[in-house]
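Following: one structure in structure tokens, then a few remarks.
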Amino acid sequence: MALALPDLAAMDALGQRIAEKLAPGDVIALTGTLGTGKTTLARAIIAALGHVGEVPSPTYTIIETYDDLRIPLVHADFYRLDDPGETDELGLDDYREGAVLLAEWPNHAGGFAHEPGCLAIALEKVGDGREAVVTPGTSWQSRWP
């Protein structure tokens, strides 16, 4: 399903829509080239879950945790990983226990599309806006759209 995101308000609305449907164990896998809005959408989801304040990009820390939200959330940016096995060194499975994983550059971590709780979102630039191609995993079938 392709969704037009002509402006920041549309990106925020998509973040709100996703946040309303999240359950522990879900993965939101965000792909797209640099500058397509992965971190912007991640911030919109985190804000919609109740976070107030700054949401730093985890580009350098790789993982940021948010335990004070409606659902605990792990925001990860796997861009700097050279090998998917590095997620074991990071303890990713421990972070994910009972939480939502919001993953930027998921292919650098081996991907998550095989998981039933994965909502894959590919972002692309279209003119001055963006387009999101959303592919829901099996456990999202009854929740999306």
Side-chain angles (χ1 to χ4, degrees), residues 1-5 7-125 129-141 143-145:
M1 160 188 289
L3 302 171
L5 302 169
D7 53 28
L8 187 57
M11 189 77 80
D12 287 343
L14 177 59
Q16 178 69 42
R17 186 173 164 195
I18 292 167
E20 290 170 356
K21 310 271 185 192
L22 284 173
D26 283 343
V27 177
I28 307 303
L30 303 174
T31 60
T33 59
L34 290 171
T36 54
K38 295 178 297 297
T39 301
T40 300
L41 181 55
R43 287 177 173 146
I45 293 167
I46 293 167
L49 286 172
H51 182 74
V52 177
E54 292 292 317
V55 175
S57 172
T59 300
Y60 296 102
T61 59
I62 300 176
I63 293 176
E64 292 285 338
T65 60
Y66 296 87
D67 297 321
D68 60 337
L69 306 178
R70 180 178 62 81
I71 300 170
L73 183 135
V74 177
H75 181 195
D77 184 331
F78 298 118
Y79 181 76
R80 296 182 331 125
L81 297 188
D82 294 321
D83 182 89
E86 292 179 69
T87 60
D88 294 336
E89 295 172 25
L90 293 170
L92 182 62
D93 288 342
D94 294 332
Y95 284 108
R96 290 186 64 186
E97 185 71 31
V100 169
L101 173 62
L102 185 50
E104 297 184 47
W105 301 96
N107 54 323
H108 289 221
F112 301 94
H114 63 281
E115 296 187 22
C118 183
L119 185 67
I121 303 173
L123 294 165
E124 299 176 12
K125 291 181 182 179
R130 305 292 186 266
E131 180 178 77
V133 177
V134 182
T135 306
T138 56
S139 76
W140 276 90
Q141 296 298 319
R143 294 184 275 164
W144 194 262

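We number each residue from 1, following the sequence as shown. Excluded from the calculations below are hydrogen atoms, water molecules and symmetry mates; all remaining heavy atoms, backbone and side chain alike, are included.
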Closest approach of Ile46 to Leu69 (non-hydrogen atoms, all atoms of both residues): O-CD2, 4.1 Å
Closest non-hydrogen atom pair between Pro58 and Ile63, with its separation: CB-N, 4.1 Å
Qualifying ring pair (Phe, Tyr, Trp, His ring centres under 6.0 Å) pairs with a residue from residues 23-44, counting only residues at least two apart or across chains: none
Donor-acceptor contact present, side-chain Trp140 to main-chain Gly117, <3.5 Å: yes
Sequence neighbours excluded - salt bridge (Lys or Arg N to Asp or Glu O under 4.0 Å) pairs with any residue from residues 99-119: Arg96-Glu115
Side chain to side chain donor-acceptor pair (under 3.5 Å) involving Arg43 - partner list, sequence neighbours excluded: none
Using a 3.5 Å cut-off and no angle test, enumerate the donor-acceptor pairs between side-chain atoms of residues 84-94 and protein atoms at least two apart in sequence or in another chain.
unit_1	atom_1	unit_2	atom_2	d
Glu86	OE2	Asp82	N	2.7
Glu86	OE2	Asp83	N	2.9
Thr87	OG1	Pro84	O	2.9

Non-hydrogen atoms of Ala10 and Ala4 that approach each other most closely: CB-O, 4.5 Å
side-chain contact (heavy atoms from CB on, under 4.5 Å) partners for Ala47, two or more places apart: none
Qualifying side-chain hydrogen bond (donor to acceptor under 3.5 Å, both in side chains) pairs with a residue from residues 12-25, counting only residues at least two apart or across chains: Gln16-Glu20
Shortest non-hydrogen contact between Val74 and Ala99, atoms and distance: CG2-CB, 4.2 Å
Heavy-atom pair with the smallest gap, counting every atom of Gln141 and Pro136: NE2-O, 3.0 Å
Counterpart residues, side-chain contact (heavy atoms from CB on, under 4.5 Å), relative to Ala113 (two or more places apart): none
Sequence neighbours excluded - side-chain hydrogen bond (donor to acceptor under 3.5 Å, both in side chains) pairs with any residue from residues 56-74: Ser57-Thr59, Thr59-Asp77, Thr61-Glu64
By ring pair (Phe, Tyr, Trp, His ring centres under 6.0 Å) - contacts of Trp105 (at least two apart): Tyr79, His108
Pairs involving residues 23-35, ordered by first then second residue, that meet side-chain hydrogen bond (donor to acceptor under 3.5 Å, both in side chains) (sequence neighbours left out): Asp26-Arg143
Atom of Phe112, atom of Pro106 and distance for their closest heavy-atom approach: CD1-CB, 3.7 Å
Inter-residue atom distance Leu123.CG - Arg130.CZ, 0.5 Å rounding: 8.5 Å
Verdict with reasoning, Leu5 to Leu41, per side chain to side chain contact (heavy atoms under 4.5 Å, CB included): CA-CA 11 Å; Leu5 302 169; Leu41 181 55; 5.9 Å; no
